[in-house]
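Quick notes on the structure that follows.
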There are 2 protein chains.
Amino acid sequence: MGLREQKKQATRAALSWSAIRLIVERGYDRVLTEDIANEAGVSPRTFNNYFSSKAEAVASRHLDRCLRVAEVLRARPADEPLWDAITEAVLSQFEPGPEVIEHPPLDREAWSAGLRLMVAVPALQAEFLRAAASAEIALAAAVAERTGTDPETDIYPKLVASAVLSASNVATQQFIGRNGQPVDVKQLHIDALRHLSTGLRPPD
Amino acid sequence: MGLREQKKQATRAALSWSAIRLIVERGYDRVLTEDIANEAGVSPRTFNNYFSSKAEAVASRHLDRCLRVAEVLRARPADEPLWDAITEAVLSQFEPGPEVIEHPPLDREAWSAGLRLMVAVPALQAEFLRAAASAEIALAAAVAERTGTDPETDIYPKLVASAVLSASNVATQQFIGRNGQPVDVKQLHIDALRHLSTGLRPPD
DNA sequence: GCAAAACCTGCGGGCCCCGCAAAGATGCGG
DNA sequence: CCGCATCTTTGCGGGGCCCGCAGGTTTTGC
């Protein structure tokens, strides 16, 4: 990868991270695209060369996470049962990355509250969902590769990808909603994926 | 319901329908909110009293459809097996309504092409997904009622609602993508839902 | 080194969306 | 039947978002 591409990725990440940080601190409509650009050290015009909207910048990190699930799934041993591999791939995204360890939120409570306000903004909800939907293709391809199905004509891989991502959404929302220690994000995901792989049978 | 409320619903429907028709004909960015308002016989300012964005107006019909699935599910006999009831509820939304019968598209081919362009607009994709997510709550409530689970604390009903809606998305996309007679929308949905209710087992 | 390609930036403008306050429509009780 | 309280519609104004375009600047491949 050339130097050019590296800088681009760095700028892109800086913009997305600045957007999230500022919006969690101040609220969505009190942050201008100009503020985000300044924070990342580029001109306002450049912001829109990287993202076609403020919302897309925020959702960009989410998109990356979803794409990494597909990547990890591909790297899992081929003889591992499908749903075990999927579960591991999904869980792998909840290990805190190096960036979060470097920049620990000073006030964890305030950050949490800001996050909750952020994910309540309609424009962002929509964009988060779209990000997941974009990753669906990559995830479906990984599933297809593993199950020997055709990602174009067969509906199965897309169905699995779509169900997994939406199950993850439900689990995450459950976690954010009850912002308590009583439940663990990972355990919520394990339960949700087990439901999926066992046919979503009603209790009784 | 008072006369006041009736008129509001009529205006809302007229705006949404005008938005869709104009955008399918001309393309998303060649339709101004002003055009939509004029078409529906209200002032431009009033448009934004009903919808907070152009995209939301378009997705409004989709939201209604999703909500009706929950409604139909509630009306199904209580002793019917869950997945049979869900399947019937979903399929019920593909019966052409009275409005479509009244206003048959003059050129079916052009309409199809316009539709395909429309659903490719990122802002609309996002808003369609958000509409489905909104309906998820109502659908989860209907599932909870039927299975005797708690829609607040238990993850099961939300999981089912979310999986059903995303499966429907996949089926619909499959249908739009291959715009051919070889496959039937209803059959695609039946297959997708059966996959869900049987644990998304990989073939073999 | 050097040309070609890619990128950043400022400018300009169209459009979207909202707050506000006045005018109009509607339903209710007397 | 009428006035009154309430909800709705509308015009105006403005802040902000996003994009096309064209210029200068940096990176790449040779």
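All chains are named by letter (A, B, ...) in the order of the sequence lines, taking the proteins before the strands, and each is independently numbered beginning at 1. These figures come from a predicted structure and were not determined experimentally.
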Knowing that exactly one of B/L32, B/D35, B/T33, B/N38 qualifies, which makes a side chain to side chain contact (heavy atoms under 4.5 Å, CB included) with B/F47? B/T33
Using only side-chain N and O atoms of B/Y50, determine if any of them is under 4.0 Å from OP1 or OP2 of D/dT9. yes
Quick one: salt bridge (charged side-chain N to carboxylate O under 4.0 Å, His left out) partners of A/D191, sequence neighbours excluded? none
Side chain of B/S52 - closest among C/dC18, C/dC16, D/dC18: C/dC18
Where the side chain of B/T11 is defined as all heavy atoms beyond and including C-beta, which of C/dT9, D/dT9, D/dC18 is the nearest nucleotide? D/dT9
Under a 4.5 Å cut-off applied to non-hydrogen side-chain atoms, are A/L63 and A/L67 in contact? yes
Do B/Q174 and B/V183 come within less than 4.5 Å of each other through their side chains, counting heavy atoms only? no
Protein-nucleotide distance ([X], atom [atom1]; [N], atom [atom2]), rounded to Å:
X     : N      : atom1 : atom2 : value
A/K8  : C/dC8  : NZ    : P     : 7 Å
A/N48 : D/dC19 : CG    : P     : 6 Å
B/F51 : D/dT9  : CZ    : P     : 12 Å
B/L15 : D/dT9  : CG    : C1'   : 12 Å
A/Q9  : C/dC7  : CD    : C1'   : 14 Å
B/F47 : C/dC18 : CZ    : P     : 10 Å

Between A/H189 and A/T87, does a side-chain hydrogen bond (donor to acceptor under 3.5 Å, both in side chains) hold up when you go through it step by step? CA-CA 8 Å; A/H189 277 80; A/T87 303; over 6 Å; no
By side-chain hydrogen bond (donor to acceptor under 3.5 Å, both in side chains), which residues pair with [X], not counting sequence neighbours?
X      : value
B/D84  : none
A/S162 : B/S166
A/S52  : A/E56
B/R4   : none

Taking all non-hydrogen atoms of both residues into account, name the closest pair between A/S92 and A/A89 and its distance. OG-O, 2.6 Å
Once each nucleotide of nucleotides 24-30 of chain C is scored for protein heavy atoms under 4.0 Å, what B/S/- sequence comes out, 5' to 3'? -BBS---
Examine distances only and state if a side-chain atom of A/K54 and a backbone atom of A/V31 form a donor-acceptor pair shorter than 3.5 Å. yes
Can you classify the ring geometry of A/Y156 versus B/H195 as parallel (below 30°), tilted (30 to 60°) or perpendicular (above 60°)? tilted
Contacting residues from residues 117-133 of chain B, given that a heavy atom lies under 4.0 angstrom of DNA chain C: none
Pairs under 3.5 angstrom only: tabulate donor-acceptor contacts from the side chains of residues 129-138 of chain B to other protein residues two or more places apart or in another chain.
{"from": "B/R130", "atom 1": "NE", "to": "B/E127", "atom 2": "OE2", "distance (Å)": "3.0"}
{"from": "B/R130", "atom 1": "NH2", "to": "B/E127", "atom 2": "OE2", "distance (Å)": "2.8"}
{"from": "B/S134", "atom 1": "OG", "to": "B/R130", "atom 2": "O", "distance (Å)": "3.0"}

So does B/E95 pair up with B/K186, basic N to acidic O under 4.0 Å? yes
Report for the helix from C/dT9-D/dA22 to C/dG30-D/dC1: angle between first-end and last-end helix axes, five pairs each, rounded to 10 degrees. 30°
On DNA chain C, does the nearest nucleotide to A/P44 precede the nearest nucleotide to B/A55 from the 5' side, or the other way round? Give the residue. A/P44
Note: contacts of residues 28-43 of chain B with DNA chain D (heavy atom, under 4.0 Å) are B/V42, B/S43
Just jot down the side-chain contact (heavy atoms from CB on, under 4.5 Å) partners of A/T11, sequence neighbours excluded, or say none. A/L15, A/V42, A/Y50
Let me see the working for A/I86 and A/L73 under side-chain contact (heavy atoms from CB on, under 4.5 Å), right down to the final yes or no. CA-CA 6 Å; A/I86 287 176; A/L73 178 58; 4.1 Å; yes
With 3.5 Å as the limit, what N/O pairs link the protein to nucleotides 20-22 of chain C?
none

